[in-house]
Amino acid sequence: MAASRNRPTFEKQYKTAIARGRGAQLRAASASYDTTTKRIAIELSNGTLFAFPPSLVQGLHAATPEALAAIEIYGAGTALHWEQLDVDFELSALLAGVFGTRAWMRELGRKGGSMSSPAKARAARANGRKGGRPRSA
């Protein structure tokens, strides 16, 4: 009996929560290619700025600055589109660091793991002095 009396209150609260959630979703307010930093910059609806190098993104990695600059915002700010390149990305995926298909992301990880740095070289030398990498069982 008490549950049926609370149903109208629940319905009202539920609709209010859904409306607030839609308004809270981050959206792209503007997007551009910055030729100085060589990054795509997206200003979000909350005023923050998100920028990334196009070399990380599948379909954008070999594009010209002119093609990169031709960014369109789609879906009320939920997606980015490059007509000339036939590339589309959901804003939520970019913000989550997903820059392409699983195969693309796997390749990015492989390349990152093979990068050399002074710290990595020092660690490899120290490991070599200890007898190298342990054999797997």
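A quick note: this is a predicted structure, and the numbers were derived from the prediction, not measured.
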Nearest 0.5 Å, what's the [atom1]-[atom2] distance between [X] and [Y]?
{"X": "Leu68", "Y": "Ser32", "atom1": "CG", "atom2": "OG", "value": "11.0 Å"}
{"X": "Asp34", "Y": "Leu49", "atom1": "CG", "atom2": "CG", "value": "9.0 Å"}
{"X": "Tyr33", "Y": "Arg39", "atom1": "OH", "atom2": "CZ", "value": "10.0 Å"}

* Is a side-chain N or O of Glu83 found less than 3.5 angstrom from the main chain of Ala70, in a donor-acceptor match? -> no
Under 4.5 Å between any side-chain heavy atoms of [X] and [Y], yes or no?
{"X": "Phe50", "Y": "Glu43", "answer": "no"}
{"X": "Ile40", "Y": "Val57", "answer": "no"}
{"X": "Pro118", "Y": "Arg122", "answer": "yes"}
{"X": "Ile71", "Y": "Trp82", "answer": "yes"}

Do you know which two heavy atoms are closest between [X] and [Y], and how far apart they sit?
{"X": "Gly77", "Y": "Leu91", "value": "O-CD2, 3.5 Å"}
{"X": "His81", "Y": "Tyr74", "value": "CD2-OH, 3.4 Å"}
{"X": "Phe89", "Y": "Gly100", "value": "CE2-N, 3.8 Å"}
{"X": "Ala28", "Y": "Leu80", "value": "CB-CD2, 4.4 Å"}
{"X": "Trp104", "Y": "His61", "value": "CH2-ND1, 3.4 Å"}

* Asked: Same cluster or not: are Ile42 and Ile73 linked, directly or through other Ile, Leu, Val, Met, Phe, Trp or Tyr residues, by side-chain heavy atoms under 4.5 angstrom apart?
  -> yes
* Consider only side-chain heavy atoms of I, L, V, M, F, W and Y, link residues closer than 4.5 Å, and tell whether Leu56 and Leu94 are in one cluster. => yes
* **Flag if over 12 foreign heavy atoms under 6.0 Å of CG, Asp86** => no
* Structure fact -> Test side chain to side chain contact (heavy atoms under 4.5 Å, CB included), reference Pro54, set Leu85, Val87, Leu60, output is Leu60
* Under 30°, 30 to 60°, or over 60°: which ring-plane class applies to Phe99 and Phe52, parallel, tilted or perpendicular? -> tilted
